[in-house]
Amino acid sequence: CDEFEARAIVDLLKHYRWQDLSLVASDTNYGTNAMNALQNLLTLEKAMKFSITSSAFFRASSHLDQLNFISTLEILKLSLSRVMVLVCEGKCAKPFFKSANKLGLMGPGYVWVVSDAITAN
């Protein structure tokens, strides 16, 4: 996620007036850099006051069967946020969303904004 993508995500959040949100990312360079860029842009945004109710990282493993998202998703669930921004590698997205669905973080009332690495996969 580069500066242009982070800016596009912030613009999308502004357009829909989604002020209270949670950020979640993989603990890779990609996820860490994206999280930093998003937090900086959201903090500096003048037109709208954003509230990041939680931010969390999950450990990205090269073995998909070793991915565990439960503790990260519990943080999101406790935040009571309904708008989530997920930045991770595409291979992590499907198992992440399966776990999110099991915890009731999908469906009506929830919005997930994802990075292009997920949509391109």
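Since the structure is predicted, the reported quantities are computational estimates derived from the model, not experimental observations. What's counted below: heavy atoms across the whole structure, side chains too, no hydrogens, waters or symmetry copies. Heads up: numbering here begins at 1 and tracks the sequence.
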_Testing the basics here: between Ser115 and Glu5, what is the closest heavy-atom pair and its distance to 0.1 Å?_
CA-OE2, 3.0 Å

*asked:* In this structure, would Leu73 and Ile75 fall into the same cluster of hydrophobic residues linked by side-chain contacts under 4.5 Å?
replied: no

*Between Asp27 and Phe57, which heavy-atom pair has the shortest distance, and what is it?*
CA-CD2, 4.2 Å

*Taking side chain as C-beta onward, heavy atoms only, is Gln39 less than 4.5 Å from Ile52?*
yes

*For the pair Gln19 (side chain) and Lys49 (backbone), establish whether a donor and an acceptor sit closer than 3.5 Å, ignoring hydrogens and angles.*
yes

*In sequence, state the C-alpha distance, the side-chain angles, and the governing distance for Phe58 and Cys92, and then conclude on side-chain contact (heavy atoms from CB on, under 4.5 Å).*
CA-CA 10 Å; Phe58 62 85; Cys92 299; 4.1 Å; yes

*So, for Glu89 and Ala117, which heavy atoms are closest and what is the spacing to 0.1 Å?*
CA-CB, 4.5 Å

*About how many Å separate NZ of Lys91 and OG of Ser26, when rounded to the nearest 0.5 Å?*
9.0 Å

_Donor-acceptor under 3.5 Å (Thr119 side chain, Asp116 main chain)_ = yes

*Whether Asn101 side chain and Phe97 backbone form a donor-acceptor pair below 3.5 Å*: no

_If you apply the rule side-chain contact (heavy atoms from CB on, under 4.5 Å), what do you find for Leu41 with Arg7, and how did you get there?_
CA-CA 7 Å; Leu41 286 172; Arg7 177 85 260 163; 3.8 Å; yes

*What's the spacing between Leu103 CG and Ile70 CD1 if we round to 0.5 Å?*
4.5 Å

*Rounded to the nearest 0.5 Å, what's the gap from CZ on Phe96 to SG on Cys88? Could you check?*
7.0 Å

*When rounded to the nearest 0.5 angstrom, what distance separates CG in Asp20 from OG in Ser51?*
4.5 Å

*asked:* side-chain contact (heavy atoms from CB on, under 4.5 Å) for Val10 and Glu45? Distances and angles first, verdict last.
replied: CA-CA 9 Å; Val10 171; Glu45 182 56 48; 4.0 Å; yes

*Is the backbone N or O of Met48 less than 3.5 Å from a side-chain atom of Lys14, with the two atoms forming a donor-acceptor pair by type?*
no

*asked:* Using every non-hydrogen atom in the two residues, find where Gly109 and Arg82 come nearest and quote the distance to one decimal.
replied: O-CB, 3.3 Å

*In terms of hydrophobic clusters joined by side-chain contacts under 4.5 Å, are Leu23 and Val111 together?*
yes

*asked:* Test side-chain contact (heavy atoms from CB on, under 4.5 Å) on Leu21 and Leu42; report intermediate values, then the result.
replied: CA-CA 10 Å; Leu21 59 119; Leu42 290 167; 4.0 Å; yes

*Name of the residue among Leu13, Leu12, Asp11 meeting side chain to side chain contact (heavy atoms under 4.5 Å, CB included) with Ile9*: Leu13

_Under a 3.5 Å distance rule, please check whether Thr53 uses its side chain to pair with a backbone N or O of Ser81 as donor and acceptor._
no

*To the nearest 0.5 Å, what is the distance between CG (Leu76) and CZ (Phe69)?*
12.0 Å

*Would you say the side chain of Val83 lies within less than 4.5 Å of the side chain of Tyr110, judging by non-hydrogen atoms?*
no

*Judged by atom type as modelled, is there a donor-acceptor pair below 3.5 Å linking the side chain of Trp112 to the main-chain atoms of Leu105?*
yes

*Looking at CZ of Arg59 and OG1 of Thr28, how far apart are the two atoms once the value is rounded to the nearest 0.5 Å?*
11.0 Å

*asked:* Count I, L, V, M, F, W, Y as connected when their side-chain heavy atoms are under 4.5 Å apart, and connections chain through other members. Are Leu38 and Tyr16 then in the same cluster?
replied: yes

